[in-house]
Amino acid sequence: MLTGCPAWPKEFADKYRKEGCWRGETFGGMLRERADKHGSRIAITCEDTHLSYKELDERVDLLAAGFLRLGIQKEDRVVVQLPNIIEFFEVCFALFRIGALPVFALPSHRHSEITYFCEFSDAAAYVIPDVHSGFDYRRLAREVCDKVQGLRHVIVAGDSEEFKALRDLQAGPAGYPEVSPGDVAFLQLSGGSTGRSKLIPRTHDDYIYSLRLSADICRLDHDSVYLAALPIAHNYPLSSPGVLGTLYAGGRVVLAQGSSPDETFPLIERERATITALVPPLALIWLEAASSRRNDFSSLQVLQVGGAKFSAEAAGRVKSVFGCTLQQVYGMAEGLVNYTRLDDPEEIIISTQGRPMSPFDEIKVVDENGCEVEPGQTGELLTRGPYTIRGYYKAEEHNAKAFTADGFYRTGDLVKVNSSGYLIVEGRSKDQINRGGEKVAAEEVENHLLAHPSVHDAAVVSMPDKFLGERTCAYIIPRSTPPAAAEIKVFLRERGLAAYKIPDRVEIVEAFPQTGVGKVSKKALREAIVEKMMSAADARQ
Ligand code: J2J
């Protein structure tokens with residue numbers, strides 16, 4: 001394993017191999033096999049471009065050779081910040097093939113996040129689009145280059161200006177370094193709870209196992225058409241079963257440029273999509289829009305909703321509106337993924353977040369003292385298994401807290417397990433806000449707020465929201481003159497924080513409520529904001 005990545009203990013690795021979970025596949029090999037088997041079948045559709053498995057495989061070879069010629073080596077990290085475009089696949093598979101590691105940034109990340117990913121992972125290169133959704137990534141790259149000395153290359157899909165153009169990287173046949181199934185294939189991002197996102201090392205073996213199970217549970221085959229409406233660098237649309245699970249099954253990926261009904265409904269109709277994945281707020285928008293439009297959803301077999309809790313009320317409407325099966329997905333980039341199964345009774349599909357996908361997933365629900373709760377009671381979910389990491393990349397101190405001594409990952413989610421083994425997510429013990437599927441680590445935003453000259457102290461908490469589930473509220477104790485909310489938001493934006501992390505609301509207070517031991521009571525702050533929202537609503541009536 002790459003230095004800084006905790007491996008599975010030998011007895012577990014042996015077991016996962018013996019039980020047939022890890023079958024010794026690599027991503028480079030997987031694509032080659034699909035190309036040999038499915039050759040002329042279309043692997044990816046993006047607008048009017050259709051790329052076959054064979055074409056993808058050939059392009060990946062040319063680019064892999066190009067990366068090698070550029071000096072990118074096995075185990076080098078490359079921050080990849082690409083939207084839903086074909087180049088995402090070319091770049092990732094080319095890096096997989098030479099054993100270099102993509103670090104998956106999201107298109108919404110800005111220089112605060114990207115600078116950190118590049119520095120922390122000691123990245124050799126950074127790959128971007130030219131302009132996407134009206135944002136010029138080359139400008140961002142310039143800011144990042146000013147800060148990160150070690151970054152050797154910026155590679156641009158499209159008009160590269162002073163940087164390297166992706167299209168010019170292709171080179172002739174090359175010998176590749178040996179890539180083993182147990183090698184780390186890439187670094188995925190955690191939602192984060194203490195400060196910045198942690199980097200999650202996923203191996204070829206463990207991730208491909210999760211793809212195989214996911215594709216199987218979702219009954220994907222080469223007739224499946226997966227519509228990617230969410231940003232594909234995120235673990236959910238990447239792998240549950242997502243775009244990679246679809247390619248694993250020999251199906252077709254259709255890349256949507258946005259997730260709105262205007263952009264996606266005609267695509268579902270035109271491309272005859274069979275499955276797609278949404279986060280709850282988007283599912284609400286789709287439900288609303290579908291009832292008043294006349295699109296043809298007859299191809300759609302499965303609509304997945306996950307990333308945040310989906311209300312039973314909305315879940316109950318999916319089948320009648322879209323005429324397809326709802327699948328709830330409760331997963332995490334660290335590993336464990338739970339699905340409701342396609343043939344589960346409606347009651348289970350509507351009111352649970354599914355059950356673990358592998359018989360080798362181990363789960364425990366524990367109280368604050370780490371003791372297992374009675375069956376059916378709520379507690380924190382701990383898990384370990386063949387596709388759940390044993391530790392974050394270069395995070396020894398944090399790993400000691402985030403994992404138990406015997407290797408269980410502490411999810412920070414409060415769940416209960418019903419008598420059939422299905423999980424129901426009840427809340428969270430980690431200091432994170434789940435803004436409709438987008439995760440905001442309170443501490444990361446607090447650290448930025450503390451850099452403001454008028455801020456003495458800051459505490460970021462969630463507030464309930466009908467549409468997103470939760471929004472972010474920043475409580476601030478000012479030094480002297482209280483800053484205006486707008487000023488705080490501009491300040492954070494200028495510090496290069498992704499837009500989804502900018503607090504939705506800013507509250508100025510003189511002091512924070514405290515817990516018995518004198519810590520800031522976030523629970524009391526959450527309650528205070530709810531009370532304030534309720535009295536404001538009362539006053540309006
Ligand atoms: C409640 N909370 C949920 C759900 C995730 C598949 C699906 C989602 C993710 C993901 C993923 C939830 N109900 N249905 O990686 O492969 C919250 C939990 C969890 C955290 C993980 C996948 N589905 N969550 O969302 O790493 O708090 O992965 O621990 O971004 O999202 O977030 P993330």
Side-chain angles (χ1 to χ4, degrees), residues 104-106 108-109 186-193 197-200 202 206-207 209-211 213-215 217-218 228 230-245 276-283 303-312 314-315 326-340 348-358 361 363 378 380-383 385 387-389 392 402 409-416 422-442 462 468-470 498 500-501:
F104 287 121
L106 295 172
S108 53
H109 286 141
F186 57 83
L187 297 171
Q188 185 52 280
L189 306 183
S190 78
S193 53
S197 282
K198 301 287 175 290
L199 301 186
I200 298 171
R202 300 292 302 257
D206 95 72
Y207 211 66
Y209 174 52
S210 83
L211 299 182
L213 285 173
S214 297
I217 289 170
C218 299
L230 298 172
I232 54 179
H234 185 271
N235 199 59
Y236 167 34
L238 188 66
S239 69
S240 297
V243 293
L244 293 182
T276 189
L278 304 177
V279 287
L282 204 51
L303 184 87
Q304 299 184 296
V305 180
K309 177 97 179 234
F310 194 35
S311 75
L326 165 69
Q327 181 179 52
Q328 295 218 34
V329 192
Y330 162 41
M332 52 208 74
E334 286 81 358
L336 180 73
V337 180
N338 304 276
Y339 292 107
T340 55
I348 293 275
I349 292 180
I350 288 172
S351 59
T352 81
Q353 279 63 59
R355 62 181 164 88
M357 60 174 168
S358 164
D361 283 321
I363 60 169
T378 300
E380 187 190 358
L381 175 69
L382 310 186
T383 184
Y387 61 97
T388 296
I389 55 160
Y392 295 103
Y409 166 56
R410 299 182 204 272
T411 65
D413 293 326
L414 299 176
V415 307
K416 63 182 187 199
Y422 282 76
L423 275 57
I424 296 151
V425 182
E426 298 279 6
R428 201 176 318 119
S429 59
K430 55 191 168 192
D431 201 4
Q432 187 186 74
I433 294 96
N434 190 336
R435 208 173 167 280
E438 292 188 301
K439 317 302 181 318
V440 182
S462 65
L468 288 180
E470 295 174 11
Y500 69 89
K501 297 181 186 169

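Counting begins at 1 with the first residue of the sequence. A quick note: this is a predicted structure, and the numbers were derived from the prediction, not measured. Start at 1 and go down the list; that is how both ligands and their atoms are numbered. Side chains included, hydrogens not; waters and symmetry mates left out as well; all remaining heavy atoms used.
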Inset, instruction - Starting from atom 26 (O) of ligand 1, locate the nearest protein heavy atom and write down its residue, its atom name and how far away it is, to 0.1 Å. - result: Ala333 N, 3.0 Å
Inset, instruction - Could you check atom 33 (P) of ligand 1 against the protein and tell me its nearest heavy-atom contact, residue, atom and distance included? - result: Lys439 NZ, 3.6 Å
Inset, instruction - Would you kindly say whether Arg355 and Tyr422 are connected by a side-chain donor-acceptor distance under 3.5 Å? - result: yes
Inset, instruction - May I ask you to list the atoms of ligand 1 that are less than 4.0 angstrom from any heavy atom of Lys430? - result: 19 (C), 27 (O), 29 (O)
Inset, instruction - For residues Ile363 and Leu381, determine if any side-chain heavy atom of one lies less than 4.5 Å from a side-chain heavy atom of the other. - result: yes
Inset, instruction - Please work out whether any backbone atom (N, CA, C, O) or any side-chain heavy atom from C-beta onward of Asn434 is under 4.0 Å from ligand 1, and answer side chain, backbone, both or neither. - result: side chain
Legend entry - Check: Leu238 and Val243 side chains under 4.5 Å, non-hydrogen atoms: yes
Legend entry - Whether Gln188 lies under 4.0 Å from ligand 1, heavy atom: no
Legend entry - Donor-acceptor pair, side chain of Ser240 and main chain of Gly242, under 3.5 angstrom: no
Inset, instruction - Considering heavy atoms of the protein only, find what lies nearest to atom 23 (N) of ligand 1 and give residue, atom and distance to 0.1 Å. - result: Gly307 N, 3.1 Å
Legend entry - Proximity of Gln328 to ligand 1 by residue part, where a heavy atom lies under 4.0 Å: neither
Legend entry - Sub-4.0 Å atoms of ligand 1 with respect to non-hydrogen atoms of Gln353: 13 (N), 14 (N)
Legend entry - Shortest protein heavy-atom distance from atom 27 (O) of ligand 1, along with the residue and atom involved: Asp413 OD1, 2.6 Å
Inset, instruction - Take Tyr409 and Leu336 through the test side chain to side chain contact (heavy atoms under 4.5 Å, CB included) and record every step on the way to the result. - result: CA-CA 9 Å; Tyr409 166 56; Leu336 180 73; over 6 Å; no
Inset, instruction - Under 4.0 Å, heavy atoms only, figure out whether ligand 1 is touched by the backbone of Met332, its side chain, both or neither. - result: both
Legend entry - Closest candidate by heavy atom, reference atom 6 (C) of ligand 1, pool Gly335, Gly245, Gly242, Ser240: Ser240
Legend entry - Side-chain donor-acceptor contact under 3.5 Å, Ser358 with Tyr209: yes
Legend entry - Lys/Arg-Asp/Glu bridge criterion (N-O < 4.0 Å) met for Lys439, Glu470: no
Inset, instruction - Answer side chain, backbone, both or neither: which part of Val329 comes under 4.0 Å from ligand 1, heavy atoms only. - result: both
Inset, instruction - Report the member of Gly437, Gly306, Ala308, Gly412 with the shortest heavy-atom distance to atom 4 (C) of ligand 1. - result: Ala308
Legend entry - Residues Arg410, Glu380: salt bridge by 4.0 Å N-O rule: no
Legend entry - Distance-only side-chain donor-acceptor flag, Asp413 / Tyr330, under 3.5 Å: yes
Inset, instruction - Specify the protein heavy atom at minimum distance from atom 21 (C) of ligand 1: its residue, its atom name, and the distance to 0.1 Å. - result: Gly331 O, 3.3 Å
Inset, instruction - Tell me which protein heavy atom sits closest to atom 15 (O) of ligand 1, plus the residue, atom name and distance to 0.1 Å. - result: Asn235 ND2, 3.1 Å
Legend entry - Donor-acceptor side-chain pairing of Ser214 and Tyr339 below 3.5 angstrom: yes
Legend entry - Contact atoms of ligand 1, heavy-atom distance to Val337 under 4.0 Å: 16 (O)
Inset, instruction - Please say whether His234 places an N or O atom under 3.5 Å from an N or O atom belonging to ligand 1. - result: yes
Inset, instruction - For this output row, return yes or no: ring centroids of Tyr207 and Phe186 closer than 6.0 angstrom. - result: yes
Legend entry - atom 1 (C) of ligand 1: the protein heavy-atom neighbour that sits closest, reported with distance to 0.1 Å: Lys309 N, 3.3 Å
